[in-house]
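Encoded as structure tokens, the structure appears first; notes follow it.
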Amino acid sequence: MKNRIRLTTLVEIAISVALAVALSYLKFFRMPQGGSVSLQMVPIVVLAVRCGTIPGLIGGLLFGIIRMMLSPDFYYPLQALLDYPIAFTTIGLAGIWVRYGKDKIDYLRNGLALVFVFGLRFISHVIAGKLFFGQYAPEGMNEWWYAITYNAAHLVPELVVTLIVIMILMTRREIFEQKLIR
Amino acid sequence: MIKNITIGQYIPGESVIHRLDPRTKILITVLFISLLFLVNSFFGYGLAAAIIFTAVLLSKIPVKFILRGIRPLLVIIILTLSLHFFMTEGRVIFKIGFLKVTYEGLTRGLMMGLRLILLVLGTSILTLTTSPILLTDGIESLMTPLKKLGFPAHELAMMMTIALRFIPTLLEETDKIMKAQMARGADFESGNIFQRAKSLVPILIPLFVNAFRRADDLAIAMEARGYRGGEGRTKFRVLKFTYYDFLVLIIITALVIVGSIYL
């Protein structure tokens, strides 16, 4: 039985990652130099709440690696790591705080948790951007400012979109509870 | 909304580069990237460019696919070049008004631009000639030594393979559900992005329910066929490291060592 739960979790991580990649193709808009707004983070958050934080983290990591394999934006080794695997792994942390309650759902707590994990992802992208410009732009350019505005421009809409959708999905127990489907 | 999506960049082919073992190609790419960050002269970048040029020729991939990776970078490259040209202090070559171009700025800017282009070309040759599944197999195989330290290389690779296998299936399913909801009068195109996101909820619910049901079916099927993790498992497609892989790897390693010492 233990083996069965383990195997189910393994497959659910894989399918959630596939769903995240599929949803990443449904773009609301695209930034000129990489980055776009889509519902790609919804399956990872659902996975983290449904199966637990560790499966969520693994799912985020795999999503990052697959995104890197499918369309690499590779400019500097540490930049690539921060922009893909590390950035998306942080989303799995949502599993620690986001609670799917039996009777009452604490929307404020869940919302703040999502804002926090997106904040971590934002920091990861900003450091990656700073590294990239640190490598290729000459001294004196305000790299931090550019990295912060560029990433905020697509991460804030993505956060809001994810928040809206997760909040609506919260009322559907069959999505967040492992036993209920079938 | 979902039309003509190509997943990944892989272009099937039978060229010498396609037939190289994925592990060889991953290692070569790593070596190539380190070469780019170790050299600091035009000869060094010339060597890297020669390696890439040979790989492109041998891979028989149309140049247009290879250049496609550079297009989003064009703005950055031009920005990098011009910033370097005008903002680096040093020996002045010529002046246009208050803008002065320095020798240091010119060489530095050109080198940075070259490095960026070569880096993008190097990584895209890997993804253009290797299918994601083979790439996953290669990564798993390279990670095998870490299994002794308890690193779940097999499980991670298994999840990646399943995920890659189901991306097209789930895309198709998304499309199908979207069309079904559109037939009932759903509207996904109008409104701002927040309204559009909200309108996608009627797609997401059946999508999630179906996806998790599919996951459950798959887990049962795997268990019924006796899946017990990586221990003693055999593969349908076995990676083969040939003499030819060995030779290519030796040549590239030698070039990178020589390049990073002398150039």
Side-chain angles (χ1 to χ4, degrees), chain A residues 3-4 7-19 21-23 25-26 28-29 32-34 37 39 42-43 46 50 58-59 61-63 65-66 69-77 80 132 135-141 157 160-162 164-165 168-169 172 174-175 178 181-182, chain B residues 1-2 5 7-9 33 37 72-73 75-76 79-80 83-84 87-88 105 108 112 116 119-120 123-124 127 132 135-136 155-156 158-167 169-171 174 193-194 196-198 200-201 204-205 207-209 211-216 218-219 222-223 227-228:
Chain A
N3 195 31
R4 173 70 195 286
L7 184 56
T8 308
T9 309
L10 185 137
V11 179
E12 283 192 1
I13 295 172
I15 299 278
S16 303
V17 171
L19 195 52
V21 179
L23 287 178
Y25 285 101
L26 272 171
F28 295 113
F29 72 81
Q33 287 126 39
V37 177
L39 293 176
V42 173
V46 169
R50 186 184 160 91
I58 298 172
L61 175 74
L62 291 178
F63 176 71
I65 296 174
I66 290 181
M69 269 167 35
L70 294 182
S71 58
D73 278 325
F74 195 116
Y75 309 122
Y76 186 70
F132 167 67
Q135 271 294 311
Y136 296 102
E139 306 292 309
M141 207 182 122
V160 178
V161 165
T162 310
I164 295 174
V165 171
I168 302 174
L169 288 182
R172 309 294 298 224
E174 67 269 40
I175 292 176
Q178 222 167 0
I181 284 188
R182 182 174 299 277
Chain B
M1 260 167 115
I2 303 175
I5 291 175
I7 297 153
Q9 303 173 308
I33 291 167
F37 285 95
L73 266 180
V75 185
I76 301 183
L79 194 78
T80 312
L83 282 173
H84 274 288
M87 288 175 59
T88 314
R108 193 98 202 111
M112 288 295 122
L116 252 180
L119 204 53
V120 172
T123 43
S124 43
T127 49
L135 216 48
T136 309
E155 279 77 9
L156 289 176
M158 189 68 186
M159 286 187 264
M160 292 245 292
T161 315
I162 295 175
L164 288 167
R165 159 66 182 79
F166 277 98
I167 293 167
T169 313
L170 288 172
L171 263 173
T174 313
I193 63 165
F194 307 120
R196 275 163 63 200
K198 219 175 140 188
L200 284 177
V201 172
L204 288 177
I205 292 171
L207 201 56
F208 271 108
V209 172
F212 286 131
R213 192 170 286 158
R214 206 186 281 274
D216 207 34
L218 186 57
M222 283 166 80
E223 207 185 23
Y227 175 76
R228 247 177 283 100

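At a 4.5 Å heavy-atom cutoff, the contact between B:I205 and chain A is made by backbone and side-chain atoms alike. Both the backbone and the side chain of A:L10 come within contact range of chain B, with heavy atoms under 4.5 Å apart. Proximity to chain B (any heavy atom under 4.5 Å) is shown, for A:L19, by both the backbone and the side chain.
Listed options A:V17, A:T9, A:V161 were ranked by heavy-atom pairs under 4.5 angstrom with chain B; first place goes to A:V161. Across B:M222, B:M159, B:Q9, the residue that shares the most heavy-atom pairs under 4.5 angstrom with chain A is B:M159. Of the residues considered (A:I13, A:T162, A:I58, A:V46), A:V46 shows the highest number of contacts with chain B, using heavy-atom pairs under 4.5 Å. Comparing B:T161, B:L135, B:L218 by how many heavy-atom pairs each has under 4.5 Å with chain A, the most go to B:L135.
In this structure, CE on B:M158 lies 12.0 Å from OG1 on B:T136, to the nearest 0.5 angstrom. Atoms CE and CG, on B:M112 and B:L116 in that order, are 8.5 Å from each other to the nearest 0.5 Å.
Side-chain contact check for A:F63 versus A:S16: every heavy-atom pair is 4.5 Å or farther apart.
By the side chain to side chain donor-acceptor pair (under 3.5 Å) test, B:T169 is found to be paired with B:R165, residues two or more places apart in sequence or in another chain being considered. With sequence neighbours left out, the salt bridge (charged side-chain N to carboxylate O under 4.0 Å, His left out) criterion links B:R228 to no other residue.
Note that A:R50 lies in the cation-pi zone of B:F212, set by a 6.0 Å cut-off to the ring centre and a 45° limit from the axis.
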